[in-house]
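What follows is one structure encoded as structure tokens, with my remarks underneath.
Predicted, not measured: the structure shown is a model, and the values here were computed from it. Proteins come first, then strands; the chains are lettered A, B, ... in the order of their sequence lines, and each starts at number 1.
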Amino acid sequence: MLAPDDARTCIVFDFETTGLSPAQGDRSIEIGAVRLQGGVVVDRFQSLMHPGRRISSFIENYTGISNSMLADAEPCELVMQRFFDFAGDSNLVAHNATFDRRFLEAEYDRIGRQHTGGLACSMLAARRLCPNAPNHRLGTLVEYLALPNDGTFHRALADAEMTASLWLQLLDVLGERGPSNVSFAAMVGLCRTSKAALGKLVERLC
DNA sequence: TGCCAGGCCCTCTTTAGGGCCTT
């Protein structure tokens with residue numbers, strides 16, 4: 001079954017990890033996700049996962065996830081199988097998606113799975129649609145666009161919720177200047193379109 | 001002990017280099 005090509009119907013997800021590179025042995029320690037159906041959050045997924053070793057004090061401080069919190073967590077393989085069952089072949093969205101894609105692919109590889117849906121990046125979309133934002137970090141964009149948040153950052157579900165709000169806001173902004181029903185494929189294409197090629201349309205946004 | 005990634009974007013570019021962004 002193919003994923004619906006509606007940018008407002010997708011799964012927005014976020015990983016917390018032991019570091020920056022699965023190729024260097026880093027693993028996931030938490031995944032959070034929200035399922036959007038026509039722009040409405042209809043389901044959520046959140047789970048800590050044990051990476052098989054202790055995490056650094058830097059990551060403990062950065063995420064607020066401690067080694068004691070992970071002590072009783074399920075191993076990555078079990079959590080990622082549950083996430084695979086949750087996500088299926090849905091289109092996915094993440095902030096700086098190349099980072100989350102590397103961890104998703106690495107964790108899926110370990111359990112013999114593969115994501116077959118699309119993947120879009122809210123950061124690249126925001127760079128196109130909000131060129132005047134101070135920067136395009138998730139926290140900055142949440143503040144810049146006055147998006148709802150509870151002050152929690154660097155936890156997977158909280159970041160996924162904020163990324164979902166950002167994604168929908170970007171679609172609203174785009175819809176004000178064009179067709180109201182933006183396809184997921186169009187958003188993927190937007191991320192890949194050079195800034196210059198967007199012309200006056202995007203220059204007026206935000 | 002000290003360092004570690006990678007894709008995208010911009011520009012003083014394209015035969016390159018450096019900043020951004022993610023943990």
With respect to the side chain of A:R102, which nucleotide from B:dT23, B:dC21, B:dA5 is positioned closest?
-> B:dA5

Can you tell me how far C1' in B:dT1 sits from the matching atom in B:dG19, rounded to whole Å?
-> 28 Å

Do A:E16 and A:R155 sit within salt-bridge range, that is, some charged N less than 4.0 Å from a carboxylate O?
-> no

So what does A:T18 touch, heavy atoms closer than 4.0 Å: a base, only the sugar-phosphate, or nothing?
-> nothing

Let me know the distance between CD1 of A:I31 and C1' of B:dT22, rounded to the nearest Å.
-> 15 Å

Among B:dT22, B:dG7, B:dT23, find the nucleotide with the atom closest to the side chain of A:R101.
-> B:dG7

Output the single nucleotide from B:dC21, B:dT22, B:dT23 whose closest atom is nearest the side chain of A:E16.
-> B:dT23

B:dA5 and B:dT23: how far apart are their C1' atoms, nearest whole angstrom?
-> 11 Å

When rounded to whole Å, the CD1 to C1' distance for the pair A:I59 and B:dT22 reads 11 Å

To the nearest angstrom, how far is A:L119 atom CG from B:dC8 atom C1'?
-> 14 Å

Side chain of A:R127 only, please: which of B:dT23, B:dC8, B:dA5 is the nearest?
-> B:dC8

To the nearest Å, give me how far apart OH (A:Y62) and C1' (B:dT22) are.
-> 7 Å

Distance-only, no hydrogens or angles: does the A:D159 side chain make a donor-acceptor pair with backbone N or O of A:H154 under 3.5 Å?
-> yes

Start at the 5' end of DNA chain B and walk down; is the nucleotide closest to A:F99 or to A:L124 reached first?
-> A:L124

When you measure from the side chain of A:D5 to the backbone N and O of A:A185, does any donor-acceptor pair fall under 3.5 Å?
-> yes

Do the side-chain N or O atoms of A:H136 get closer than 4.0 angstrom to the phosphate oxygens (OP1, OP2) of B:dC20?
-> no

Reckon A:D100 touches a base, only the sugar-phosphate, or nothing at all at heavy-atom distances under 4.0 Å?
-> nothing

Report the C-alpha distance between A:R102 and A:D26 in whole Å, list the side-chain angles of each, state the deciding distance to 0.1 Å, and finish with yes or no for salt bridge (Lys or Arg N to Asp or Glu O under 4.0 Å).
-> CA-CA 11 Å; A:R102 287 201 304 274; A:D26 288 316; over 6 Å; no

Under 4.0 angstrom between A:H154 side-chain N/O and B:dT23 OP1 or OP2 | yes

Whole-Å distance separating the CE atom of A:M162 from the C1' atom of B:dT22 | 14 Å

NA contact type, A:D26, heavy-atom cut-off 4.0 Å: base, sugar-phosphate, or nothing?
-> nothing

Six-ring centre of A:F45, A:R35 cation under 6.0 angstrom, axis tolerance 45° | no

In whole Å, what is the span from the CZ atom of A:F15 to the P atom of B:dT23?
-> 12 Å

Euclidean distance for P, B:dC4 against B:dG18 (whole angstrom) = 14 Å

What integer number of Å spans the P atoms of B:dC12 and B:dG7?
-> 26 Å

Span that lies between the C1' atom of B:dT14 and that of B:dC8, in whole angstrom = 16 Å

Assess whether atom CG of A:D85 is packed by more than 12 heavy atoms of other residues, nucleotides or ligands within 6.0 Å.
-> yes

For the pair made of CZ in A:R27 and P in B:dT22, what is the distance, rounded to whole Å?
-> 23 Å

When rounded to whole Å, the CZ to C1' distance for the pair A:R155 and B:dT23 reads 13 Å

What does A:N61 touch in the nucleic acid at a heavy-atom separation under 4.0 angstrom: a base, only the sugar-phosphate, or nothing?
-> nothing

